[in-house]
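First up is the structure itself, then whatever we jot down about it.
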Amino acid sequence: MAGGALSASGVAADVVLAEIRELRALDRPTHGGRLFAYVYDPAVPGLDDLAAAAHRESAHVNGLDPTAFPSLLAMENALVGAAGRVLGGGPGTTAPDVVGSVTSGGTESLILAVKAARDAHPELAAPRIVVPASAHAAFAKAAHYLRVALDVVPVSPDTLRPDPAAMAAAIGPETVLVACSAPSYAHGVVDPVAEIAAAAAAAGVRCHVDACFGGWTLPYLRRLGAPVPPFDFAVPGVTSISVDLHKYAYAPKGVSVLLHRDAAGRAPQYFAYADWPGYTMINPGIASTRSGGPIAAAYATLRHLGDAGYLALAERTRDAVAGLAEAVRRVDGLRLMAEPESTVVCFTAAEGGPDLFVLVDELTARGWHTQPQLSYAGLPASVHLTVTAAVAPRVAEFGPDLADAVAAAHAAGPVALPAELMALATSLTPDALTPELVAGLAAGLGLTGAGDAPTPERMAVVNTLLDAAPPALRERLLVEFVGLLQRPAWGSDG
Ligand SMILES: Cc1ncc(COP(=O)(O)O)c(C=O)c1O
């Protein structure tokens with residue numbers, strides 16, 4: 001029976017931990033301020049240990065039943081209270097009745113916001129939601145899972161924001177939710193929330209502000225003097241807001257908060273079921289059994305850093321953003337997609353600039369892990385940098401390395417895909433993709449899926465192929481590629 005993770009007769013604890021450490025050495029560096037996506041690092045000494053200890057205290061507590069584990073309920077309520085305060089709600093504000101739930105992440109918060117909006121209108125047979133093209137992909141996932149139609153409003157290639165009039169015009173009799181971002185993940189710009197919320201309110205429709213990414217930094221940046229536009233519960237018409245504590249609240253992964261302006265707004269978010277012989281199930285979120293670990297870790301993080309800690313971290317992050325943006329401005333051939341207004345630096349190639357995908361590889365070779373973004377609907381391909389406080393001490397090293405990487409990308413020249421591959425990318429329909437074709441493509445691109453290097457060190461060829469393909473084919477190719485990566489490791493036992 002033994003195989004894979006199941007050893008034959010048990011492996012000593014220190015050996016198992018050594019195995020995990022060996023595996024972790026394959027990963028991108030989660031600390032050190034050189035990774036500009038996936039992780040949020042405040043570089044606060046001792047914080048990891050505190051969060052891990054808090055996680056250990058509550059790892060086996062089950063969020064399934066708050067009456068059995070009041071410790072978890074108390075910590076969740078404290079997290080919701082903190083998030084509500086940070087986002088303009090609570091006693092003494094114009095949104096005194098804000099309530100919320102703790103979820104596992106931004107995607108779950110957005111799915112639940114859409115579910116609550118949908119289920120508030122059981123009379124609608126074909127509910128719809130309106131989102132800007134820059135809204136996080138999790139809205140599309142929510143629409144897909146919940147069978148809600150998605151009306152996507154384009155964003156201006158200049159401002160990277162939707163036109164509020166176009167958002168208003170997209171609202172119809174079946175619209176149950178209008179969404180906007182504060183800020184958008186891809187470019188870090190804050191949508192015109194006040195105008196969009198006003199249009200939604202005028203139509204009697206809910207308005208969700210996706211502040212998953214920026215909800216914990218924008219209020220602090222504003223306190224530091226940044227011109228942050230209104231985006232929280234102070235804005236009339238905003239009915240719900242999501243904020244991820246595992247992003248800029250610097251909690252370990254697995255915690256987001258979904259807030260509603262009042263309990264009536266939250267009510268259709270719950271799922272209750274008594275029509276079976278077991279316990280009556282009553283869940284605010286998607287999961288039923290939930291570990292208390294991430295919640296305790298988030299609670300400890302907020303308590304330890306405190307308001308003053310977050311203000312100081314936002315200041316450090318703001319300065320890092322300014323330094324990185326200046327480094328981009330100084331390099332010929334690059335241009336900022338937008339002047340930074342939050343914690344994202346996003347740039348693209350100017351006329352005569354380098355091949356961005358080659359540049360990303362050159363930066364990786366120099367120890368900087370950035371995130372390439374494919375061209376989409378008239379917006380050029382770009383390079384995304386999520387900036388956290390840990391980046392601050394690294395900023396001075398980035399400029400010279402960026403200039404050097406750009407020079408190397410120019411010297412290497414753009415990726416030239418073989419003509420037949422290019423033809424495939426532009427003409428193939430997703431349905432025509434056979435497993436054989438995918439396997440051949442993957443092998444040709446160096447995506448072996450095997451061992452220590454499941455993907456090639458240089459990804460420019462893969463990104464160029466994906467960039468040439470329309471979105472539906474990109475999706476299908478990536479599903480197939482990831483399917484190749486996710487296969488059982490049967491092991492030989494040990
Ligand atoms: C604006 C925004 N919304 C939602 C999400 C989804 O969050 P998660 O990855 O925690 O599900 C993200 C993630 O980056 C985001 O930036």
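First listed ligand is number 1; within each ligand, the first listed atom is number 1.
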Which ligand 1 atoms are under 4.0 Å away from a heavy-atom of G106? 6 (C), 7 (O), 8 (P), 10 (O), 11 (O)
Taking the inter-plane angle between the rings of Y250 and Y248 on a 0 to 90° scale, is it parallel (under 30°), tilted (30 to 60°) or perpendicular (over 60°)? perpendicular
M167 versus P132, closest heavy-atom pair with distance: CE-CD, 3.9 Å
Show me which atoms of ligand 1 lie under 4.0 Å from any heavy atom of Y185. 14 (O), 16 (O)
Checking a contact table here: which protein heavy atom is nearest atom 4 (C) of ligand 1, and how many Å away? H136 CG, 3.5 Å
Residue, atom name and distance, where the atom is the protein heavy atom closest to atom 3 (N) of ligand 1: D210 OD2, 2.7 Å
Would you mind listing which atoms of ligand 1 come within a distance below 4.0 Å of any non-hydrogen atom of D244? 7 (O), 10 (O)
Does the side chain of S382 pick up a donor-acceptor pair with the side chain of H384 at under 3.5 Å? no
Please could you name the atoms of ligand 1 that T107 approaches to less than 4.0 Å, counting only its heavy atoms? 6 (C), 7 (O), 8 (P), 11 (O)
For the pair R290 (side chain) and S104 (backbone), establish whether a donor and an acceptor sit closer than 3.5 Å, ignoring hydrogens and angles. no
Side-chain touch F213/V344, heavy atoms, less than 4.5 angstrom: yes
Against heavy atoms of F213, which atoms of ligand 1 measure under 4.0 Å? 1 (C), 16 (O)
Using a 4.0 Å heavy-atom threshold (strictly under), name the region of C212 that reaches ligand 1: side chain, backbone, both or neither. side chain
Going by atom types only, do Y38 and H369 share a side-chain donor-acceptor pair under 3.5 Å? no
Residue selection (non-hydrogen contact nearest atom 13 (C) of ligand 1) among K247, H246, K141, E108: K247
Say whether D307 and Y220, considering side chains only, have a donor N or O and an acceptor N or O under 3.5 Å apart. yes
